[in-house]
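Below, read A as the first sequence line, B as the second, and so on, with proteins coming before strands; counting in each chain starts at 1. On a predicted model such as this, the values are computed, not experimentally measured, just so you know.
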Protein chains: 2
Amino acid sequence: MDWQLSEERPIFQQLYEEMCRRILTGRYPPGSRMPSVRELAAEAGVNPNTMQRALQQLDGAGLTESTRADGRTVTADETLTRRLRQELAGGAARRFFCETAALGFSRAEAKELILREEDGHHE
Amino acid sequence: MDWQLSEERPIFQQLYEEMCRRILTGRYPPGSRMPSVRELAAEAGVNPNTMQRALQQLDGAGLTESTRADGRTVTADETLTRRLRQELAGGAARRFFCETAALGFSRAEAKELILREEDGHHE
DNA sequence: TTTGCTGTATTAGTACAATAATACAATAAC
DNA sequence: GTTATTGTATTATTGTACTAATACAGCAAA
């Protein structure tokens, strides 16, 4: 049900984002071990290298750590994950305001859009 | 001040979006004539071919019409432009909810984010 | 030691965006 | 009619991003 990969953007990037979300939402709990590169690659139906690239970005973000033959573990630092989750959500909000501003909507009008969109989510 | 082109996405696509916004926000008014391909290309600092590709997408969207040697004119159909502007804004809102949902935020929580973000826009 | 699992590095193939240089077509202005 | 300017089409080239195939390296358990 996951891994809805689009052709329009780099796959490794989408993989990174999905893995990121899985960690931040607790699907891969803090301190736990993650599935192996090849395992995840098979699950997502991509080349191991592509998945690896995504995982290395997780390392870079401090969300995971990898040791040579022992596998990869999720950070135990829950402060970090909570903060990052908030930051990503804040970024989404800022992006929304930016996009609507470019279309000539004031912040108040943009806020109205959100309220209206929230009412009817028919799908 | 415009034409903030990023390397991360196709240039012709960004050009299209910017031109689109210029029309929807009235910078190129309904029924008016647009600058020529070469002129716009020079202004944006890109190859004429690249700009042309963007402009042809405008044609495809029904926002502009081009006649051979007479130039390109913005559609006079203000209903279309108003509707498209609303649609784009609605899309931004939906995207916001989608992104926050992927991070485990409920719609109510997402709405809270917007309100809080709206207060402190310190930049 | 051997086997099998980790993560990692290197290489090459493929696709495509962007540019550039032209040439062409059609209309308007003179 | 000539000239200038418009949009359009074509072709080649360059650079680069993405992916895949493959080989390598390190550790653990049998």
Toward the 5' end of DNA chain D, by each residue's nearest nucleotide, R33(B) or P10(A):
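Result of the comparison: R33(B).
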As a test of reading the structure: which of [options] is closest to the side chain of [X], going by heavy atoms?
X      : options                  : result
R72(A) : dG7(D), dA17(C), dG7(C)  : dG7(C)
E39(B) : dA9(C), dT10(D), dT6(D)  : dT6(D)
R53(A) : dT8(D), dA18(C), dT19(D) : dT19(D)
A69(B) : dA18(C), dG7(C), dT27(C) : dT27(C)

Are OP1 or OP2 of [N] and a side-chain N or O of [X] less than 4.0 angstrom apart?
X      : N      : result
S66(B) : dT8(D) : yes
T67(B) : dT6(D) : no
Q52(A) : dT8(C) : yes
S36(B) : dT6(D) : yes

Check whether any side-chain heavy atom of Q13(B) sits under 4.5 Å from a side-chain heavy atom of E8(A), and report yes or no.
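They are not in side-chain contact.
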Write down the distance between [atom1] ([X]) and [atom2] ([N]), rounded to a whole number of angstrom.
X      : N       : atom1 : atom2 : value
N47(A) : dT14(C) : CG    : P     : 15 Å
M34(A) : dG7(C)  : CE    : C1'   : 12 Å
I11(B) : dA17(D) : CD1   : P     : 13 Å
L40(A) : dT8(C)  : CG    : P     : 13 Å
R9(A)  : dC16(C) : CZ    : C1'   : 18 Å
D70(A) : dT8(C)  : CG    : P     : 12 Å
Q56(A) : dG7(C)  : CD    : C1'   : 9 Å
E8(B)  : dA18(C) : CD    : P     : 13 Å

Go through the N and O atoms of the side chain of N49(B) and the base of dA18(C), and report whether any donor-acceptor pair is under 3.5 Å.
no
Qualifying residue for side-chain contact (heavy atoms from CB on, under 4.5 Å) with L40(B), from M19(B), Q52(B), R72(B)
M19(B)
Looking only at atom types and distance, does a side-chain atom of R33(A) sit under 3.5 Å from a main-chain N or O of D70(A), one as donor and one as acceptor?
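Confirmed, R33(A) side chain pairs with D70(A) backbone.
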Hey, which of these two, R38(B) or D59(A), hits DNA chain C nearer its 5' end, going by closest nucleotide?
D59(A)
Does atom CD of E65(B) have more than 12 heavy-atom neighbours from other groups under 6.0 Å away?
no
Do we see a donor-acceptor contact under 3.5 Å between the side chains of W3(A) and E18(A)?
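Looking only at side-chain atoms, E18(A) and W3(A) do not form any donor-acceptor pair under 3.5 Å.
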